[in-house]
Undergrad: 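I'd like to ask some things about the structure below.
Treat the numbers as computed from the prediction; the structure is a model and nothing was measured. Heavy atoms only: backbone and side chains are in, while hydrogens, waters and symmetry mates are out.
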There are 2 protein chains.
Amino acid sequence: MASPTPPANAFTQHDHAHCADTTLHKAEAVAAEKGVRLTPVRKRALEILLEEHRAMGAYEVLDRLAADGFGNQPPVAYRALEFLVDNGLAHRVRRLNAFAACMRPGEEHAPVFLICRECGEVAEAGADEVRQALLGAADRLGFHVERATVEALGLCPKCYQEAAQ
Amino acid sequence: MASPTPPANAFTQHDHAHCADTTLHKAEAVAAEKGVRLTPVRKRALEILLEEHRAMGAYEVLDRLAADGFGNQPPVAYRALEFLVDNGLAHRVRRLNAFAACMRPGEEHAPVFLICRECGEVAEAGADEVRQALLGAADRLGFHVERATVEALGLCPKCYQEAAQ
DNA sequence: CACGGATATGTTACCTTATCACATTTCTGC
DNA sequence: GCAGAAATGTGATAAGGTAACATATCCGTG
């Protein structure tokens, strides 16, 4: 049903259940190694992001958490999501005011998001050259980059083809 | 007091009044060429962004517009700002939920923002390599980019030096 | 084990950012 | 001058996000 684990994302078909499971385990390993606590709420928040396999708003995550017996106030979701982002287990997609599970926790990478404006699909692309180019440009101005946001809005392969017809 | 008009931005000193004036004229030319109307509110909104020469929240711009006799409801600011962004006369800085005048209206470019987390300064850097790298990465996945957001958070030269001491 | 500080969670209240809907005005081409 | 389109004014409200403080849990140390 799916490729073994290619770029682990993109607009390719794959077994969500499988990649979610794998990623969750990687995340647990990362947390253990960093000595941070992947507590129940945090873990559940990550699971939710992984299950849905899409960018979700904080309030949407909150609803799911509340349904699972956790608190139902905004800070519950925001704190869990902030933890995940700070520890590289999830990313914030600013253009969508949303959050998405990181597909390669632990691996150093610049998250690059490709957002389809038609179907809403969000893909996390690996793009080290983008990171390098950004660091280079910043360096030329003497700017010291700590975090970067790179997001592209456009059409995914499928929607692009459909639009061309 | 300032360099003639270097990269027109960055963390270098320059004559704001001069570059604001120049940029406003360029913006008017761009609007004329595109056949879109740089109406009073829109022009004033752009002037405000240029005068302040920094990223401003929509409500902040709204206050200034209202003080100048325009409407005082959110849509007034959002519509003017949306127009400016759509026509390449301003950019949206998502990390700050803010807007900044474009320093090179008319010139095709990927806006890259360098945001100092210490002093809040925002610089618009020219970085075609970043744009190219992003387009390349997207292309490999068959994604068709229409708009890109590239923002880096970190320390500007000045704050970096101060922090190092 | 117990106790004390650090960490995490629950909850209330509130602020900021952004959009919808609809009436009114202004512009533009004919 | 008039009809349709574009732009603006305004009220209401949705959506996103944070501050502050009380309570509970974890964890190292004596």
Undergrad: To the nearest Å, give me how far apart CG (B:Leu81) and C1' (D:dT8) are.
TA: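 Computing the B:Leu81:CG to D:dT8:C1' distance gives 15 Å.
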Undergrad: Using whole Å, report how far CG of B:Asp86 lies from C1' of D:dA7.
TA: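 Answer to the nearest Å: 14 Å.
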Undergrad: Any side-chain N or O of B:Thr39 less than 4.0 Å from the OP1 or OP2 oxygen of C:dT26?
TA: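 For C:dT26, neither OP1 nor OP2 has a side-chain N or O of B:Thr39 closer than 4.0 Å.
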Undergrad: Rounded to the nearest Å, what distance is computed from the CD atom of residue A:Glu82 to the P atom of nucleotide D:dT18?
TA: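 After rounding, the reported distance stands at 8 Å.
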Undergrad: Output the rounded distance in Å from CG (A:Leu62) to P (C:dT12).
TA: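 Taking atom P of C:dT12 as the reference, CG of A:Leu62 is at 13 Å.
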Undergrad: Are B:Met103 and B:Leu38 joined in one hydrophobic group, where the rule is that I, L, V, M, F, W and Y side chains link up if heavy atoms are under 4.5 Å apart?
TA: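 Yes, it is one cluster - the side chains of B:Met103 and B:Leu38 are joined through contacts under 4.5 Å.
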Undergrad: Run the salt-bridge test on B:Arg42 and B:Glu82 with the 4.0 Å N-O cut-off and return the result as yes or no.
TA: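 Salt bridge absent between B:Arg42 and B:Glu82.
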Undergrad: Rounded to whole angstroms, how far apart are CG on A:Asn72 and P on C:dT9?
TA: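 Taking atom P of C:dT9 as the reference, CG of A:Asn72 is at 15 Å.
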Undergrad: Which of residues 41-51 of chain A sit near DNA chain D, with a heavy atom under 4.0 Å from it?
TA: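 Heavy-atom cutoff 4.0 Å gives no residues at all.
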Undergrad: So, B:Lys34 and B:Asp86, do they make that salt bridge, N to O below 4.0 Å?
TA: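 Salt bridge absent between B:Lys34 and B:Asp86.
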Undergrad: Should the ring pair B:Tyr78 and B:Phe99 be called parallel, tilted or perpendicular, given that the plane angle runs from 0 to 90° and is split at 30 and 60?
TA: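 It falls in the perpendicular class, over 60°.
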Undergrad: First locate atom CG of A:Leu155, then atom CD of A:Glu121, and finally report the distance between them rounded to the nearest 0.5 Å.
TA: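 Between A:Leu155 CG and A:Glu121 CD, I get 13.0 Å after rounding to 0.5 Å.
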Undergrad: Are any protein N/O atoms closer than 3.5 Å to N/O atoms in nucleotides 17-24 of chain C? If there are, list each pair with its distance.
TA:
{"residue": "C:dA18", "atom": "OP1", "partner": "B:Arg92", "partner atom": "NH2", "Å": "3.0"}
{"residue": "C:dA18", "atom": "OP2", "partner": "B:Tyr78", "partner atom": "OH", "Å": "2.9"}
{"residue": "C:dA18", "atom": "O5'", "partner": "B:Tyr78", "partner atom": "OH", "Å": "3.3"}
{"residue": "C:dA18", "atom": "N7", "partner": "B:Tyr59", "partner atom": "OH", "Å": "2.5"}
{"residue": "C:dA18", "atom": "N6", "partner": "B:Tyr59", "partner atom": "OH", "Å": "3.1"}

Undergrad: Let's go through A:Thr149 and B:Arg94 carefully: what are the C-alpha distance in whole Å and the side-chain angles of both, what is the deciding distance for side-chain hydrogen bond (donor to acceptor under 3.5 Å, both in side chains) to 0.1 Å, and is it a yes or a no?
TA: CA-CA 9 Å; A:Thr149 301; B:Arg94 304 215 82 113; over 6 Å; no
Undergrad: Once you round it to whole Å, what is the distance between P of C:dG10 and CZ of A:Phe70?
TA: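 About 7 Å, once rounded to whole Å.
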Undergrad: Using the rule given for salt bridge (charged side-chain N to carboxylate O under 4.0 Å, His left out), can you reason through A:Glu129 versus B:Arg140, listing the C-alpha separation, both sets of side-chain angles and the distance that settles it, and then say yes or no?
TA: CA-CA 13 Å; A:Glu129 334 90 75; B:Arg140 254 176 277 130; 2.9 Å; yes
Undergrad: So B:His144 and A:Tyr160, would you call those rings parallel, tilted or perpendicular, with 30° and 60° as cut-offs?
TA: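 Correct class here is parallel.
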